[in-house]
Peer 1: 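Before anything else, here's the structure in question.
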Amino acid sequence: MIETLAQKEHKYTREDFSSDQEVRWCPGCGDYSILAQMKRILPELGVKKENIVFVSGIGCSSRFPYYVDTYGLHGIHGRAPALASGIKLANPDLTVFIITGDGDALSIGGNHFIHLCRRNIDVTVLLFNNRIYGLTKGQYSPTSERGKITKSSPYGSLEEPFNPVKLALAAGAGFVARSVDRDPKHLEAVLLEAAQYNGTSFVEIYQNCNIFNDGAFERFTNVKTKFDHVLYMNNDDAYRFGREHEKQLVWEDDRFSVKEWREKDADHAEVHQPETISDARAIALADMDGLDERPLPLGVFRKRDVETYDTLLTKQIEEVKKTKGQGDLKKLLHAGNTWQVK
Amino acid sequence: MIETLAQKEHKYTREDFSSDQEVRWCPGCGDYSILAQMKRILPELGVKKENIVFVSGIGCSSRFPYYVDTYGLHGIHGRAPALASGIKLANPDLTVFIITGDGDALSIGGNHFIHLCRRNIDVTVLLFNNRIYGLTKGQYSPTSERGKITKSSPYGSLEEPFNPVKLALAAGAGFVARSVDRDPKHLEAVLLEAAQYNGTSFVEIYQNCNIFNDGAFERFTNVKTKFDHVLYMNNDDAYRFGREHEKQLVWEDDRFSVKEWREKDADHAEVHQPETISDARAIALADMDGLDERPLPLGVFRKRDVETYDTLLTKQIEEVKKTKGQGDLKKLLHAGNTWQVK
Amino acid sequence: MENCKHLEQVTIRFAGDSGDGMQLTGTQFSNTSALVGNDLSTLPDYPAEIRAPAGTLFGVSGFQLQFSSREIHTPGDQVDVLVAMNPAALKVNLRHLKNNGIIIANSDAFSARNLKLAGYTENPLEDDTLAGYQLFAVPVTTLTKQALVEVPLGVRDKDRCKNFFALGITYWMFSRPLDVTLQWIDEKFKTKPNVAEANKKALNAGYNYALSTEIFTTSYCVLEAKSQPGLYRNITGNEALVLGLITAAEKSGRQLFMGGYPITPASDILHYLSRYRHFDVKTFQAEDEIAGVGAAIGASFAGALGVTASSGPGIALKTEFLGYAVMTELPLVVVDVQRGGPSTGLPTKTEQSDLLQAFYGRNGEAPVPIVAAQSPADCFVAALEAARVALTFTTPVMLLTDGYLANGAEPWLIPDPDTIPKIDVPVASAGQEYQPYARDPETLSRKMAIPGTEGLEHRLGGLEKENITGNVTYDPDNHDMMVHLRAEKIKRVAGHIPRPELQGDAEGPLLVISWGSTYGSVFSARDTLAREGKTFSWLHLRWLNPLPDVLDDVIHNFKHILIPEINAGQLIRIIRDRYLVDAKGFNKVRGLPLQTGELVETILTYL
Amino acid sequence: MENCKHLEQVTIRFAGDSGDGMQLTGTQFSNTSALVGNDLSTLPDYPAEIRAPAGTLFGVSGFQLQFSSREIHTPGDQVDVLVAMNPAALKVNLRHLKNNGIIIANSDAFSARNLKLAGYTENPLEDDTLAGYQLFAVPVTTLTKQALVEVPLGVRDKDRCKNFFALGITYWMFSRPLDVTLQWIDEKFKTKPNVAEANKKALNAGYNYALSTEIFTTSYCVLEAKSQPGLYRNITGNEALVLGLITAAEKSGRQLFMGGYPITPASDILHYLSRYRHFDVKTFQAEDEIAGVGAAIGASFAGALGVTASSGPGIALKTEFLGYAVMTELPLVVVDVQRGGPSTGLPTKTEQSDLLQAFYGRNGEAPVPIVAAQSPADCFVAALEAARVALTFTTPVMLLTDGYLANGAEPWLIPDPDTIPKIDVPVASAGQEYQPYARDPETLSRKMAIPGTEGLEHRLGGLEKENITGNVTYDPDNHDMMVHLRAEKIKRVAGHIPRPELQGDAEGPLLVISWGSTYGSVFSARDTLAREGKTFSWLHLRWLNPLPDVLDDVIHNFKHILIPEINAGQLIRIIRDRYLVDAKGFNKVRGLPLQTGELVETILTYL
Ligand SMILES: Cc1ncc(C[n+]2csc(CCOP(=O)(O)OP(=O)(O)O)c2C)c(N)n1
Ligand SMILES: Cc1ncc(C[n+]2csc(CCOP(=O)(O)OP(=O)(O)O)c2C)c(N)n1
Ligand code: SF4
Ligand code: SF4
Ligand SMILES: [Mg+2]
Ligand SMILES: [Mg+2]
């Protein structure tokens with residue numbers, strides 16, 4: 001939940017959120033862009049620096065907290081959701097971000113991730129998906145495509161990757177979105193919306209690891225190809241794409257297919273409504289990987305208004321206090337059958 | 001994969017699969033029925049006893065392997081998929097079952113569970129869902145309804161439950177089904193189909209814990225209510241339900257709704273086809289919890305034909321051998337730059 | 001009560017099917033005995049199965065208690081009175097009974113079917129099996145049924161009252177008042193007056209049956225124990241531990257946050273804590289033990305007192321995060337309710353076999369303070385101490401109890417919370433210059449800065465830290481220094497914990513060193529020997545790490561050192577290493593408290 | 001080579017940016033030196049960052065090797081020659097250089113920008129910073145560029161060849177032949193002839209530059225070491241370990257199954273094993289370390305040799321499953337490539353601080369055999385031994401190596417696989433009467449029955465087992481017996497492992513006891529002292545659990561016991577406890593191998 005700055009007089013700038021730590025990613029790494037966009041949106045939140053906590057696991061991406069001048073915990077591999085849940089539940093006034101990687105969140109940390117989505121604790125999860133284990137120097141990850149040749153799969157990996165958006169949707173996350181490092185404007189907008197959402201918000205960020213998996217998302221970032229292969233989903237907009245918005249997705253029975261856009265479609269075309277979208281439709285969107293003629297959706301898939309775990313907990317405490325009164329230590333110790341020895 | 005008995009002369013009976021161990025569930029527990037149906041289908045598989053392995057985690061349900069006279073491993077909490085993966089990959093000729101509970105599979109074991117589904121290792125997972133922790137005496141589980149009052153949630157639990165079918169679908173399981181302890185015929189049929197499927201097959205079995213969560217599935221098992229609240233999905237059958245099959249589900253835009261069944265619907269009614277069903281439709285089916293006018297689906301949601309991890313691994317080994325030849329230890333040790341000291 | 005035969009102490013064991021209500025019966029007997037003023041100690045002994053099929057051997061549920069007019073701390077080795085509600089209960093428990101001990105058996109339950117289930121070919125009530133014991137075969141089921149003819153209840157419900165009938169018999173036999181239990185029944189079955197009625201009738205009927213028939217000739221009484229004056233209540237270890245934690249939170253001004261995951265026998269800590277929302281206690285039932293401890297650490301970082309509790313396999317899972325708490329130097333209390341191991345082991349049995357894991361069970365050099373409770377009521381103090389050290393030294397602390405302490409009960413002298421000292425937590429305030437790893441020169445603890453505090457933004461993590469600044473560094477010499485600083489900090493705890501009292505002479509033939517729940521057995525052994533005019537010196541350790549200075553002072557003054565433990569020898573490893581003394585162990589790994597008798601025998605060989 | 005100055009041994013360190021190819025350069029120098037017949041030992045020292053920004057201090061990548069005409073086992077304490085490709089490399093590594101040591105610096109890289117990044121205010125090549133060293137400032141970048149004018153390659157590609165120029169200089173300086181590296185270049189860049197051409201030209205250019213300019217006046221030579229005759233190859237610890245495992249699988253007729261999850265510095269074990277599908281090696285990259293070890297145990301149950309490998313935090317996660325393997329008594333090899341701890345610690349540095357975790361890091365009494373490799377090549381034998389004991393004793397075995405052993409390299413005398421004895425695995429056959437927990441009277445191991453074997457269907461699990469039948473039982477005495485049987489089984493391993501050889505007299509002033517990678521440092525210390533006519537006795541332990549009998553025989557014959565370890569004192573805890581000797585530790589926890597010089601100094605105080 002976002003606590004607005006009472007004293008609006010001092011509005012932060014990006015620089016206010018730069019820590020004194022040297023940034024240690026490889027030159028050219030997509031993480032730089034994500035960090036830059038984050039520093040852009042933080043001043044927009046209207047939250048005091050001291051009320052922000054960045055929590056991460058282990059991985060290249062998970063070094064992120066060091067570079068932001070807020071409170072931070074660089075956790076252990078896969079377990080950022082656990083740390084973050086404790087932080088947020090202990091102090092619901094804090095604004096909590098989880099920074100994680102595809103290995104961190106979906107390999108070792110998969111269980112914490114789906115439980116976080118289910119519980120709907122109000123934290124924002126940014127998954128830097130480079131489809132590779134960066135920090136350990138290039139093994140395939142749970143989002144690597146089948147057949148991937150890496151150090152640990154010299155003859156090709158054998159398993160289907162996870163679809164993180166689909167998994168988050170099925171696990172129950174209220175807010176599910178996707179963006180990409182090389183589209184700073186889009187990324188900035190999505191980050192801001194995610195951070196402002198009340199509940200577990202999940203953003204998958206396609207991130208280029210130029211050392212171990214360079215060009216993994218080239219198709220979706222290169223100006224030559226991206227317009228034909230990316231669908232930018234916008235609230236209340238039709239599902240149009242193509243360089244001149246000349247194509248559209250239409251819902252046919254139980255899937256989206258591509259049609260040409262004609263002027264007259266404007267009146268009746270289906271528009272994207274993440275607040276009310278059905279699971280079936282959201283899943284159908286998530287199913288499109290941009291590898292066939294159908295585009296890869298970027299933007300917010302779903303944004304549901306549901307009560308958060310942290311609010312429910314606070315309410316429960318208040319209700320119990322209403323009926324039982326604020327706990328009294330002396331009474332507590334003396335409860336039950338007691339007897340006096342003289 | 002199912003290896004058929006070469007010598008069909010000795011066909012097993014149920015009793016052949018009874019171990020010498022005393023069954024130690026509470027009298028009245030739904031687990032008994034599942035065990036009974038399992039013993040019915042095992043002889044049907046045409047697999048030799050010694051080629052069957054039951055693997056489990058920890059929980060009431062996880063005692064199952066002791067009661068079946070095959071090979072078995074009673075594992076540790078949540079980790080049966082890990083053990084089972086090792087068994088199946090080490091020896092793909094074995095027929096492997098995983099027996100697990102809602103806590104075992106979805107709480108501590110959630111990550112292994114979704115990864116198993118993704119990898120599509122050929123094992124059959126039976127999740128005994130009683131929506132409670134039985135063995136530890138009645139705490140709420142990840143499938144307990146929100147607001148559940150238990151020993152660990154005296155004021156009501158705060159979180160949304162998982163929908164195990166939905167999660168398995170999103171994680172990529174090829175075969176996903178649901179049945180219930182108190183419908184032995186249905187259960188038997190589903191178990192058989194699951195066991196015969198080549199790939200990760202997942203069956204959620206609603207199971208009554210008469211001690212800590214009695215009647216959780218009453219609505220779907222009591223003859224007074226079940227016909228109105230259960231949809232039995234059958235291959236190539238229309239989605240009809242109700243005592244006289246007088247109701248049907250129809251697909252409208254992106255969800256199922258209830259309509260009366262009229263004779264003339266027979267020609268054009270949509271029929272259930274788990275082999276080809278889209279994700280969107282499968283998810284829409286999974287979304288129905290039987291608590292409103294729409295029924296709870298029982299049966300097979302999805303049954304997809306995909307190559308298994310174990311087959312791919314075997315193939316990979318064969319291919320490498322084709323190019324490199326069977327490994328030779330002496331050559332291996334002598335590889336690289338060597339020099340002779342005299 | 002005048003015409004009763006006086007006894008100093010009695011051990012009684014109630015045993016029956018899991019469904020027979022034996023835990024309840026035992027608890028009622030305990031509470032009544034406590035209110036009568038006896039000292040007492042209890043040992044529930046229930047099966048791993050939830051409800052095993054009726055009549056089976058593995059389905060037997062037992063509850064043993066010793067009550068006494070002297071100070072005691074064990075539930076008794078051997079049993080004076082065995083209440084056996086069916087043949088399986090008799091079969092399983094007979095070996096615990098003393099020669100010439102009393103058996104009260106529900107003869108109605110000795111049916112052909114039940115006998116067979118228990119593996120008896122003949123009815124032991126009718127052949128010579130029980131020669132050498134005092135057998136009272138009572139048709140408890142029939143008599144209960146008769147007593148309840150008029151109560152409008154179904155047959156099965158009536159049948160369920162038979163434990164109260166049996167309890168009634170024992171109340172007469174040991175001259176206990178009925179009112180505590182009668183009141184409890186009224187309270188418990190407020191909404192089911194018929195059930196209340198039936199249970200009360202059954203209790204009275206049992207009492208009157210014993211009083212009026214001539215089967216039972218003697219009734220006994222066990223006088224009040226001379227306890228320290230004050231207000232008492234009966235308490236189990238898990239209850240006391242929870243109260244200790246809540247007290248610590250209150251005394252330190254921290255919110256109590258518990259991240260847990262159910263596991264026997266630690267689950268009740270989660271259960272009990274979850275009741276105290278009005279004390280701002282937040283319990284979080286996590287998806288597993290790793291998430292439980294992770295959330296607790298997160299909460300500590302956010303300013304709470306983070307606690308996690310588990311047992312056996314669950315503790316094993318927490319080790320990675322424990323190392324993280326060592327590195328980040330955040331307060332954390334990790335409760336380990338030890339149970340029979342290794343692996344899943346004996347989940348419902350007691351053991352002391354996680355001590356070495358507590359010392360060494362982490363990757364790298366990761367020392368943590370370790371404290372152990374010595375009796376059920378003592379779990380209060382142990383928890384309070386654990387939290388105090390965790391908070392003042394900004395460190396994870398391992399708090400060891402065990403299955404016996406967790407479920408066992410004893411009278412607890414309730415402390416006045418106002419006399420419990422406040423706990424000072426080293427927290428930096430806004431406006432101060434803040435260095436995350438600057439240390440208090442005395443305790444070596446670092447100051448925490450709690451999120452929400454303006455200007456103290458900083459980052460922690462599991463990579464090696466530069467001293468003072470807390471920046472990540474791979475500098476070789478800094479690492480060496482930090483390894484030693486972290487170790488030294490834990491050593492400094494020694495100056496901040498109570499010095500344990502040496503019982504007996506400061507030199508002599510034998511020093512017994514004990515820890516945890518074996519306190520009771522050693523206490524009884526000493527008491528037993530004292531009556532024979534024999535004695536030995538005894539040091540019971542509350543803190544295992546760091547070890548108290550007193551050991552340095554005295555340990556070399558004794559010819560023999562004996563270390564009794566419910567494991568294959570763990571504290572002994574630490575003591576031998578540290579003091580180079582040829583300590584011997586007394587080790588029984590049977591999932592049970594040590595038997596006083598066996599211990600006494602062993603001690604005698606050293607005197 | 002006649003007119004070169006003879007040296008006994010030399011330590012050289014190549015240092016530059018992560019992108020400068022220093023690991024490659026070092027490896028080439030090593031391979032060439034090995035083929036020349038030197039004994040050698042290497043220490044890669046790379047940053048935790050993947051590609052740190054060019055020119056930064058934390059981005060410096062180093063590779064040190066010692067090569068010698070005598071037997072050696074350490075990469076050398078201090079460096080004779082430092083090749084510094086930029087100012088940061090100089091800054092970080094200067095402290096490793098001996099007084100009057102040689103510096104070869106790429107003067108082109110000492111630009112204002114790079115100087116600033118390295119924190120130099122003045123150019124150290126031009127002021128007095130390097131007085132006291134022999135400085136050779138060479139414009140390596142320029143000279144390389146000039147040498148490659150005619151090669152049709154881009155500027156950046158040409159620039160990348162500069163490490164070969166530097167290597168060429170050192171080849172001349174130490175009289176090494178060029179052909180090994182030239183061949184390697186041809187092989188490596190088969191598909192990129194221009195790159196091959198460029199690199200070869202650069203190498204030759206460097207060599208010729210050194211030969212023909214008058215800057216370098218002396219060239220040195222280090223003669224062949226007198227090694228045991230036979231065929232050798234250069235090998236790292238992780239490579240040797242992998243070969244050992246494959247050999248064990250072949251010798252036992254088991255399939256090799258490895259369940260792993262990447263973690264530094266253990267990942268290469270997974271990488272290397274995954275190449276050997278044609279040896280029927282199955283590698284399974286699991287979702288985490290828990291699943292990795294679980295799959296390995298499952299595979300062992302199914303008849304394979306189950307192996308898992310990890311490091312630091314990953315090992316901590318495996319402890320629950322390790323206890324399970326103890327209870328089910330299934331074979332399993334757990335490789336722990338130790339790194340700097342606690343927690344995430346110093347992931348790329350070496351340490352020996354998981355020994356006590358290996359001993360005690362599990363809930364309950366769960367003893368496992370522990371074996372440690374002593375040098376990179378020795379990882380082969382250690383792995384073979386670990387697998388042999390795991391299979392013959394049906395037990396999990398901890399195999400300890402460390403970051404230095406894993407990545408360090410040395411010449412390996414390749415064994416003839418035909419001379420390696422077969423490994424007998426206790427497996428029951430169809431038709432036999434089968435009791436899962438019946439034991440071999442000598443080893444106490446149980447026979448396994450592999451799924452697929454007709455008639456031997458049985459169930460295993462983590463609950464306590466009845467001896468012989470393997471049925472679940474909560475019987476107290478059975479538990480006590482099983483705890484002791486499991487312990488005794490591990491003790492029996494002692495009769496089946498090679499007796500370590502005591503070096504030196506069986507009595508005297510000092511016995512040094514070492515384990516793992518400190519072998520090399522102690523070896524050098526002994527060698528160093530021997531030249532001064534001094535000596536001490538030395539026992540290096542391959543097996544840590546059980547400890548070898550030889551210790552009982554000799555340990556009390558010495559006035560002092562010294563135990564050098566790269567931790568805060570861990571084996572010392574075990575030795576003191578077991579033998580009650582006042583052993584002293586020599587402990588440096590700096591993430592680095594122990595320095596021979598410091599060790600020698602300490603040893604001298606005891607002689
Ligand atoms: C318990 C544990 N296991 C393994 C590791 C090693 N490890 C560190 S990061 C990582 C994976 C990183 O991949 P990802 O999460 O995708 O992050 P990236 O580096 O790609 O940003 C692994 C396996 C560890 N630190 N801790
Ligand atoms: C590591 C670990 N944590 C916790 C436990 C305790 N435990 C055993 S079973 C169980 C949950 C059982 O619930 P479920 O999986 O739903 O099975 P059920 O008993 O309901 O069949 C728990 C928490 C354990 N044995 N091991
Ligand atoms: S390895 Fe890849 S993900 Fe990691 S810092 Fe370098 S470019 Fe980025
Ligand atoms: S507790 Fe529930 S799930 Fe467990 S055996 Fe009893 S009835 Fe079955
Ligand atoms: Mg990644
Ligand atoms: Mg359950």
Side-chain angles (χ1 to χ4, degrees), chain B residues 19 21 48-56 58 65-66 68-91 93-94 111-112 114-115 313 316-321 323-330 332-342, chain D residues 31 34-35 37 180 227-234 243 246-247 250 255 257 259 276-280 282 284 286-288 290-304 306 320-321 324 328 414-418 451-463 471-472:
Chain B
S19 80
Q21 301 291 305
K48 290 190 201 157
K49 257 168 74 155
E50 63 267 27
N51 287 332
I52 301 176
V53 186
F54 278 84
V55 186
S56 66
I58 301 279
Y66 291 120
V68 195
D69 194 29
T70 63
Y71 284 90
L73 268 191
H74 182 208
I76 56 177
H77 196 33
R79 319 295 178 189
L83 291 165
S85 298
I87 293 170
K88 181 71 186 179
L89 296 182
N91 183 357
D93 292 340
L94 299 173
N111 199 33
H112 309 304
I114 57 178
H115 278 269
L313 179 57
Q316 188 171 79
I317 291 176
E318 280 162 13
E319 266 160 45
V320 174
K321 283 187 184 172
T323 59
K324 304 207 169 181
Q326 174 75 39
D328 177 291
L329 187 57
K330 202 157 208 159
L332 176 67
L333 302 190
H334 287 67
N337 281 331
T338 58
W339 69 93
Q340 190 77 43
V341 172
K342 299 226 174 77
Chain D
N31 288 345
L35 282 168
V180 176
S227 308
Q228 223 180 306
L231 195 70
Y232 282 78
R233 65 189 271 200
N234 220 8
L243 297 185
I246 295 176
T247 305
E250 189 120 346
Q255 177 192 126
F257 182 98
Y276 298 116
R277 293 279 189 258
H278 50 310
F279 283 83
D280 292 299
K282 290 180 182 162
F284 175 63
E287 57 273 27
D288 65 10
I290 302 179
V293 62
I297 294 174
S300 279
F301 179 68
E320 189 195 2
F321 250 133
Y324 180 78
T328 52
I414 305 170
D416 176 357
D418 297 339
T453 316
E454 194 185 333
L456 305 195
E457 294 82 4
H458 68 289
R459 274 73 45 195
L460 300 179
L463 288 163
N471 288 335
V472 172

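Numbers restart at 1 for each chain; the letters A, B, ... are given by sequence-line order, proteins then strands.
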Peer 1: Pick one of side chain, backbone, both or neither for D:Tyr276, based on which atoms fall under 4.5 Å of a heavy atom in chain B.
Peer 2: side chain

Peer 1: Looking at chain B, which one of D:Asp418, D:Thr247, D:Ile246 has the largest number of heavy-atom pairs inside 4.5 Å, strictly under?
Peer 2: D:Thr247

Peer 1: Can you list the residues that meet the salt bridge (Lys or Arg N to Asp or Glu O under 4.0 Å) rule with B:Lys324, with sequence neighbours excluded?
Peer 2: none

Peer 1: Is there side-chain contact between B:Glu50 and D:Thr453, with heavy atoms separated by less than 4.5 Å?
Peer 2: no

Peer 1: What part of D:Ala296 gets closer than 4.5 Å to chain B, counting heavy atoms only: side chain, backbone, both or neither?
Peer 2: neither

Peer 1: If only atom types and distance count, is the side chain of D:Arg233 paired as donor or acceptor with the main-chain N or O of B:Leu333 below 3.5 Å?
Peer 2: yes

Peer 1: D:Phe257: which residues meet the ring pair (Phe, Tyr, Trp, His ring centres under 6.0 Å) condition with it, sequence neighbours left out?
Peer 2: none

Peer 1: With a 4.5 angstrom heavy-atom cut-off, is it the side chain or the backbone of D:Gln255 that approaches chain B, or both, or neither?
Peer 2: side chain

Peer 1: Can you tell which of D:Gly259, D:Pro417, D:Ser300 has the highest number of heavy-atom pairs within less than 4.5 Å of chain B?
Peer 2: D:Pro417

Peer 1: Which bit of B:Leu313 is near chain D, if near means a heavy-atom gap under 4.5 Å: side chain, backbone, both or neither?
Peer 2: side chain

Peer 1: Using heavy-atom distances under 4.5 Å, tell me whether D:Val293 contacts chain B through its side chain, its backbone, both, or neither.
Peer 2: neither

Peer 1: Select one option (side chain, backbone, both, neither) describing which atoms of B:Gln21 are under 4.5 Å from chain D's heavy atoms.
Peer 2: side chain

Peer 1: Relative to chain D, which segment of B:His115 carries a heavy atom at a distance below 4.5 Å: side chain, backbone, both, or neither?
Peer 2: side chain

Peer 1: Check each atom of B:Lys330 against the heavy atoms of chain D and say whether the ones under 4.5 Å are side chain, backbone, both or neither.
Peer 2: both

Peer 1: For the residue pair D:Glu454 and B:Lys48, establish whether any side-chain heavy-atom pair is separated by less than 4.5 Å.
Peer 2: no

Peer 1: Any luck finding a side-chain donor-acceptor pair between D:His278 and B:Gln326 under 3.5 Å?
Peer 2: no

Peer 1: Name the region of D:Ile414, side chain, backbone, both or neither, that has any atom closer than 4.5 Å to a heavy atom of chain B.
Peer 2: side chain

Peer 1: With a 4.5 angstrom heavy-atom cut-off, is it the side chain or the backbone of B:Val68 that approaches chain D, or both, or neither?
Peer 2: backbone

Peer 1: Which atoms of D:Tyr232 are under 4.5 Å from chain B, going by heavy atoms: the side chain, the backbone, both sets, or neither?
Peer 2: both

